[in-house]
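Notes follow once the structure below has been shown.
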Amino acid sequence: MQKKIVLLPGDGIGPAVAEAAASVLQQVADNFSHTFKFDKKAIGGAAIDSAGEPLPADTLQACQDADAILLGAVGGPQWERNPPHLRPEKGLLQLRKGLGLFANLRPVKTFPSLLSSSPLKQEIVEGSDLLIVRELTGGLYFGTPSERRNAGQTVVDTLLYERKEIERIVETGFQSAMLRNKRLASVDKANVLESSKLWREIVDEKSKDYPEVAVEHMLVDSTAMKLITNPTYFDVIVTENLFGDILSDEASVLTGSLGLLPSASLRDDELGLYEPVHGSAPDIAGQDIANPLGAILSAAMLLRYSFGMEEEADSIEAAVDNVLQSGYGTQDMHVDTANIVGTARMTSLVIEQLMEAKVSS
Ligand code: IPM
Ligand code: MG
């Protein structure tokens with residue numbers, strides 16, 4: 001198959017991990033006789049510097065014309081004092097909104113070989129395997145424009161959801177649960193927020209279409225607690241934008257490192273944006289120490305969700321598993337000091353596994 005992938009390296013460690021993921025995809029293309037055409041475009045701080053805005057029109061256009069998009073990360077201290085429309089993060093938010101990527105899937109799975117690097121006790125975290133389905137284009141992030149009134153003494157952020165926006169993400173939550181263990185935790189703050197009350201109504205309506213799925217309504221505060229006291233309790237969590245942002249960072253450390261986690265941002269057709277959950281980590285940029293595995297596993301999600309290439313996606317995940325089982329890790333992963341490798345070496349280890357898999361197949 002021939003596919004067009006837009007590569008958005010972004011800022012900080014973004015370029016290094018995006019490059020790593022692209023080289024892994026190239027190996028998969030060789031192994032399975034596909035052609036992936038990569039088109040590199042600017043986003044975030046890098047785009048502010050080169051084009052004067054965080055999401056240049058030609059970047060958005062290329063993404064619209066692509067089969068899939070792979071992003072590194074955006075943000076950095078040099079743009080922190082910029083006005084809101086010239087912040088790197090704005091580029092990412094505009095891209096999500098501009099492409100209508102409303103469903104953000106963030107799987108969190110513990111790797112048996114890394115259990116000891118979790119901040120939680122091994123017996124608590126062992127067997128954790130959950131999926132956060134986060135609404136990505138509504139809520140507080142995209143309400144009527146935020147403003148300061150009363151000489152800056154009053155601030156307004158608006159939490160706005162349309163019924164159809166809630167319906168479609170709740171639908172994704174149910175569909176995801178059907179593909180897994182058929183348990184869905186719908187997370188809200190219905191004891192306070194009107195938006196959460198509508199959210200609950202919609203979940204109850206939709207649950208009639210999915211009689212096999214066991215649904216539970218949970219409040220976001222107690223969910224945050226349960227995630228660290230009993231993470232294996234969860235299968236699929238579906239929640240609104242800001243709650244999903246916070247809970248997914250919390251869940252991400254269960255595995256021992258944020259650096260390992262992939263994500264997919266999807267809409268109703270095949271186009272998707274894939275990015276590691278970690279940020280741009282400017283403090284470690286350019287040192288060849290960033291963990292490329294979050295980006296590499298995002299590339300696996302890209303193959304699975306945008307290209308329908310199950311076997312190809314599995315091959316990346318198996319390669320990563322093998323590398324981890326051999327004891328290797330990057331500096332964020334608490335492996336034996338002797339087994340700590342840099343970004344480039346970690347990437348080669350994964351590619352070597354893929355090459356071996358090809359030879360033995
Ligand atoms: C994420 C990030 C973004 C978000 C930032 C960079 C705008 O934290 O993808 O979780 O809040 O959505
Ligand atoms: Mg976040």
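- Remark: Q94 engages no residue in a side chain to side chain donor-acceptor pair (under 3.5 Å) (not counting sequence neighbours).
- N191 places no side-chain N or O within donor-acceptor distance of the main-chain N or O of L219, the cut-off being under 3.5 Å.
- Under the 4.0 Å criterion applied to side-chain N and carboxylate O atoms, E89 and R87 are assigned as salt-bridge partners.
- Within the structure, ring-ring contact (aromatic ring centres under 6.0 Å, His included) pairs that include any residue of residues 104-155 do not occur (at least two apart or interchain).
- Looking only at atom types and distance, the side chain of S265 has no donor-acceptor partner in the side chain of R96 under 3.5 Å away.
- Between the side chains of D332 and H278, no donor N or O sits under 3.5 Å from an acceptor N or O.
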Exercise for the section: Might you work through the salt bridge (charged side-chain N to carboxylate O under 4.0 Å, His left out) test for D39 and K37, ending with a clear yes or no? Expected result: CA-CA 7 Å; D39 190 8; K37 198 175 151 286; 5.5 Å; no

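- Under the 4.0 Å criterion applied to side-chain N and carboxylate O atoms, D65 and K4 are not assigned as salt-bridge partners.
- Contact of the P77 side chain with the P282 side chain is registered, since non-hydrogen atoms from C-beta on lie closer than 4.5 Å.
- Residues satisfying the salt bridge (charged side-chain N to carboxylate O under 4.0 Å, His left out) criterion with D221, sequence neighbours excluded, are K189.
- Of all heavy-atom pairs spanning A177 and L184, the tightest one is CB-CB, 4.3 Å.
- Applying salt bridge (charged side-chain N to carboxylate O under 4.0 Å, His left out) to D235 and the options R183, K109, R180 leaves one that passes, R180.
- Within the 3.5 Å criterion, the main-chain N or O of L120 finds a donor-acceptor partner in the side chain of S118.
- By the ring pair (Phe, Tyr, Trp, His ring centres under 6.0 Å) test, F307 is found to be paired with F36, residues two or more places apart in sequence or in another chain being considered.
- Counting heavy atoms from C-beta on, the side chains of E171 and K206 come closer than 4.5 Å.
- Side-chain contact check for Q175 versus M178: every heavy-atom pair is 4.5 Å or farther apart.
- Using a 4.5 Å heavy-atom cutoff, the side chains of K226 and T223 are not in contact.
- Sequence neighbours left out, not one pair with a member in residues 40-66 passes ring-ring contact (aromatic ring centres under 6.0 Å, His included).
- Few gaps surround CD on Q64; more than 12 heavy atoms of other groups in view lie less than 6.0 Å from it.
- Residues H34 and E312 bring a donor and an acceptor atom of their side chains to less than 3.5 Å of each other.
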Please tabulate, one pair per line, all N/O donor-acceptor pairs under 3.5 Å involving side-chain atoms of residues 296-305, not counting sequence neighbours.
| from | atom 1 | to | atom 2 | distance (Å) |
| --- | --- | --- | --- | --- |
| S298 | OG | E275 | O | 3.1 |
| S298 | OG | G294 | O | 2.7 |
| R304 | NE | E310 | OE1 | 3.2 |
| R304 | NH1 | E317 | OE2 | 3.0 |
| R304 | NH2 | D314 | OD1 | 2.8 |
| R304 | NH2 | E317 | OE1 | 3.0 |

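- Residues passing the ring pair (Phe, Tyr, Trp, His ring centres under 6.0 Å) test with Y210, sequence neighbours excluded: F174.
- Looking at heavy atoms from C-beta onward, S128 lies out of side-chain contact with F234 at the 4.5 angstrom threshold.
- When all heavy atoms of V125 and L254 are compared, the closest pair comes out as CG2-O, 3.3 Å.
- Taking the ring axis of F102 as reference, the NZ or CZ atom of R168 stays within 45° of it and closer than 6.0 Å to the ring centre.
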Exercise for the section: Begin from the C-alpha positions of R134 and D245 and carry the test side-chain contact (heavy atoms from CB on, under 4.5 Å) through to its verdict. Expected result: CA-CA 7 Å; R134 168 188 173 193; D245 179 47; 3.5 Å; yes

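- Counting Ile, Leu, Val, Met, Phe, Trp and Tyr side chains that sit under 4.5 Å apart, directly or through other members, L86 stands alone, with no cluster partners.
- A donor-acceptor contact closer than 3.5 angstrom links the side chains of T330 and N291.
- Under the 3.5 Å distance criterion, the side-chain polar atoms of E165 are matched with a main-chain donor or acceptor of E162.
- Counting heavy-atom neighbours within 6.0 Å of M218 CE, excluding the residue itself, gives a total above 12.
- With sequence neighbours left out, R149 forms a side chain to side chain donor-acceptor pair (under 3.5 Å) with E147.
- Annotation: side chain of L105 is in contact with side chain of L131 (closest heavy-atom distance under 4.5 Å).
- For the residue pair W79 and D49, a side-chain donor N or O sits within less than 3.5 Å of a side-chain acceptor on the partner.
- Look at E167 and R163 and you find a salt bridge, because one of the NZ, NE, NH1 or NH2 atoms lies within 4.0 Å of a carboxylate O, short of that distance.
- T158 pairs by the side chain to side chain donor-acceptor pair (under 3.5 Å) definition with T144, not counting sequence neighbours.
- Scanning both residues, L266 and Y274, for their nearest heavy atoms gives CD2-OH, 3.4 Å.
- Taking 4.5 Å as the limit, every side-chain heavy atom of E240 sits out of range of all side-chain heavy atoms of D188.
- Counting only heavy atoms from C-beta outward, the side chains of N241 and Y161 approach each other to under 4.5 Å.
- D157 and S146 share a donor-acceptor pair across their side chains, judged by distance under 3.5 Å alone.
- Contacts of N82 classified as side chain to side chain donor-acceptor pair (under 3.5 Å), with partners at least two apart in sequence or in another chain: none.
- Closest approach of V277 to S263, counting heavy atoms only: CG2-CB, 3.9 Å.
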Report all side-chain donor-acceptor pairs from residues 16-29 shorter than 3.5 Å, counting only partners two or more places apart or in another chain.
| from | atom 1 | to | atom 2 | distance (Å) |
| --- | --- | --- | --- | --- |
| E19 | OE1 | K40 | NZ | 3.3 |
| S23 | OG | E19 | O | 3.4 |
| S23 | OG | A20 | O | 2.8 |
| Q26 | NE2 | D30 | OD1 | 3.4 |
| Q27 | NE2 | N31 | OD1 | 2.9 |

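- The closest side-chain donor-acceptor pair between Q325 and D321, if any, does not fall under 3.5 angstrom.
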